[in-house]
2 protein chains.
Amino acid sequence: MSNVTISDVAKKVGVSESTVSRFLSGFKVRNADVINQAIKDLDYRPNIVARNLKSGKTGLIAVVVPDITNPFFASIVRGAEVAAGDEFMIQLINTGDDLDKESWALRRMVGRVDGMIYVPLQENSSAVDELDNRSLPMVFVDRVIEKNKNLDSVLADNFRGGELAARHLVEHGHSRIAHIGGPISSTPGKARARGFVETLRALKVDLPSQFVVESDFTTLGGYQATMALLALKSRPTALFVANNLMTIGALKALKEKGISVPQEMAIIGFDDHELSDLVDPPLTVISRDAHLQGALAMQTLLEKIRGGNQFPPKQLKVDVNLVVRGSCGSTCRYRNSKTSEFPKTLSASSRSK
Amino acid sequence: MSNVTISDVAKKVGVSESTVSRFLSGFKVRNADVINQAIKDLDYRPNIVARNLKSGKTGLIAVVVPDITNPFFASIVRGAEVAAGDEFMIQLINTGDDLDKESWALRRMVGRVDGMIYVPLQENSSAVDELDNRSLPMVFVDRVIEKNKNLDSVLADNFRGGELAARHLVEHGHSRIAHIGGPISSTPGKARARGFVETLRALKVDLPSQFVVESDFTTLGGYQATMALLALKSRPTALFVANNLMTIGALKALKEKGISVPQEMAIIGFDDHELSDLVDPPLTVISRDAHLQGALAMQTLLEKIRGGNQFPPKQLKVDVNLVVRGSCGSTCRYRNSKTSEFPKTLSASSRSK
DNA sequence: CTCATCGCTAAAAACGATTGCAGATAACTT
DNA sequence: AAGTTATCTGCAATCGTTTTTAGCGATGAG
């Protein structure tokens, strides 16, 4: 047990507790070296909890994500941790798409952490109301809550992602393009769909209403949505899928139905993966730097924590970009398939909104 | 701010702090309902840190992994979190293959958490010595530290994994089989290699020393190791790669060199992935249930925390199993490639060692 | 020689809860 | 109604720090 307290050290040296405390805080103290020695001898370690009680800080930042096994969220968490440096450590919460768990967790965070990085489940949620109004510094990542959208956030340029995808498919000659989207109640689900739909409209490409399917960001959802699209009397010839997991589901459905990509169906996903260029055919995707998103969120949060609420909230966006591989056809002819993508240079810029 | 303390509540009701405290702890109290009302009115929330100081508990479990962006570790963390239930929350630390960061983190954990689930970087590490001897309940997952291997642990049956892989390749007629292993200084690196090597010996298959390459569990490492093997005057015809990332690296190398799988090179990996059956060709792997490993670790840890050290440490192992797809050849002919693997049933059993 | 200044120190008061103890109130007995 | 328990209560101590306050001895100026 770390039973040895500051008072033991003080007693051993023959000074008061306050002197030891001051020594620990870096003040000049008369018997510095003998105190130091005593600390080593006794293997004294300050009780963090007591220190926290006095200071009112915990040294913890909550990172609340839907599911850490989604590589995209894992990257966010990693980025956040790296940016946190030595001062703060990460408390991880998976909400698992469960609204009850989400609000339970949020309520619990008050007083346990100094700040929160938060990927909410739904835009119309009132989960944040659980928190006392100004008590917990918070930054949204990837998604926001509608009624709190004036708070700090670090999103991706989802609208532009949808636009890039639509444009890319149209440029490849497609005119029957479907979209498997995330929940319309989530920030990226909505924005990606909007970018897609509005771009097609601007390009005068007809978009039957059955071609826009709202799904749920899961593999199963993507699979089912694809199956539904394939069951239509007149199928689409191309597919824009709004996240990584649904894209996997879509690919499984296409494979199961024996539909060749990109000949019978072109497909473009959202969010890159190390395996994306190894699937058959290599997957064209819209990508963005999730690590950077996490890091920016942490940075923003730390500014808030350190600076009080003196700065106005800021809404950041990271760029998206198109990674062309083979799954949309044609370009794979021009592409040197022997070009290794390894090692990959990670460089995504960010810009203020 | 959660400025309102138990004393405010007491004052408002006109009782002593201890009465409010007892009410909160579920004791029978005379003016229970008026206290309850006051708590609601003031929106009082107990200060967790103060409570922790008194109780000596923090309600936190540290989960220390090399890198959360590796899906395998993400699953461990998720499994651990699920098994933790309501009582404990997760503090996540990525050591990032950095020994200094690892011991820094471990030292820091004392007093901050009630227990630790720990994937150490190296078997011969002395990182655990940072901790006071019996102060912090701990369970190793996936890897152990040699000198502490009598402590609790939840490993995979790595030796059997190596055996299954070797046997599978031999059964497919290969006699020139190479192994790209993890660091020999890590538990799974060593055990998988041993299972592989000993099985080949038992089967009387010759194994040139250059065919056993020690790498580092990274994508880059797998890539370089594969390149080295391909540069040999007499190449292997099959490859057993000891983890998920190195397998990706190996595939990238093979693709870059234009070597067809499985015709020119069969390959079997370790650890499954949702994308594994979508790569070209579908990847045969040794898999195990990482989620279960994490859950078992948490369960074991909680027993330790609740029961004191009255129980002897236990070493658990989860089963591995062979998932046959196309990357080792032949079987893909007999395999109905249209069979979807979705939805996937997750069921791995565990057994005590 | 006196008084202010400086650099440090110990003692005591927080931080916000829980808990042992002794006393007060309530609930039964007879 | 008085005596005996059984419940519930407030006081004060405690958890291990930090921080404020007041004071102490040495130094330097006038």
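Lettering follows sequence order; numbering is per chain, from 1.
When the P atom of C/dG16 is taken as reference, atom CD of B/E17 falls 11 Å away, rounded to whole Å. To the nearest angstrom, C1' of C/dC15 lies 9 Å from CG of B/L53. Taking atom NZ of B/K57 as the reference point, atom C1' of C/dA17 lies 17 Å away to the nearest angstrom. Following rounding to the nearest Å, B/I48 (CD1) and D/dC15 (C1') show an atom-to-atom distance of 16 Å. Atoms CD1 (A/I39) and C1' (D/dT17) sit 13 Å apart, rounded to a whole Å. If you take CZ of A/R112 and P of C/dG16, they are 17 Å apart, rounded to a whole angstrom. Counting to the nearest Å, the C1' atom of D/dT7 and the CZ atom of B/F23 are 17 Å from each other. Atom CG of B/N47 is separated from atom P of C/dA14 by 17 Å (rounded to the nearest Å).
Between the side chains of A/D41 and A/Q37, a donor-acceptor pair is found at a separation under 3.5 Å. In the model, B/N124 has no side-chain atom that pairs as donor or acceptor with a side-chain atom of B/E146 under 3.5 Å.
For A/T5 and D/dG16, the shortest distance from a side-chain N or O to OP1 or OP2 is not below 4.0 Å. The phosphate of C/dA17 has neither OP1 nor OP2 within less than 4.0 Å of any side-chain N or O from B/S21. Contact between the side-chain N/O atoms of B/T19 and the OP1/OP2 oxygens of D/dG10 is found at a separation under 4.0 Å.
At a threshold of 4.0 Å, the pair B/K314-B/E303 counts as salt-bridged, since one of the basic side-chain nitrogens sits closer than that to a carboxylate oxygen. A/E87 has no carboxylate O lying under 4.0 Å from a charged side-chain N of A/K57, or vice versa, which leaves the two without a salt bridge. Of the charged side-chain nitrogens involved, at least one lies within less than 4.0 Å of a carboxylate oxygen, so that A/K101 and B/E81 count as a salt-bridged pair.
Taken residue by residue, residues 24-33 of chain A places heavy atoms nearer than 4.0 Å to DNA chain C at A/K28, A/V29, A/R30, A/N31.
When B/T95, B/V65, B/D67, B/V63 are each tested for a side-chain contact (heavy atoms from CB on, under 4.5 Å) with B/V119, only one passes: B/V65.
Atoms CZ and CD1, on A/F140 and A/I145 in that order, are 4.5 Å from each other to the nearest 0.5 Å.
Side chain B/K54 to base D/dT14: a donor-acceptor pair is found below 3.5 Å. At a cut-off of 3.5 angstrom, counting only N and O atoms as typed in the model, there is a donor on one side and an acceptor on the other between the side-chain of B/R22 and the base of D/dG10. A donor-acceptor contact under 3.5 Å is formed by the side chain of A/S18 with the base of C/dA11.
Candidate nucleotides D/dT17, D/dG10, C/dA17 were compared by shortest atom distance to the side chain of A/I6, and D/dT17 ranks first.
Mapping B/V20 and A/S55 onto DNA chain D by nearest heavy atom places B/V20 at the nucleotide closer to the 5' end.
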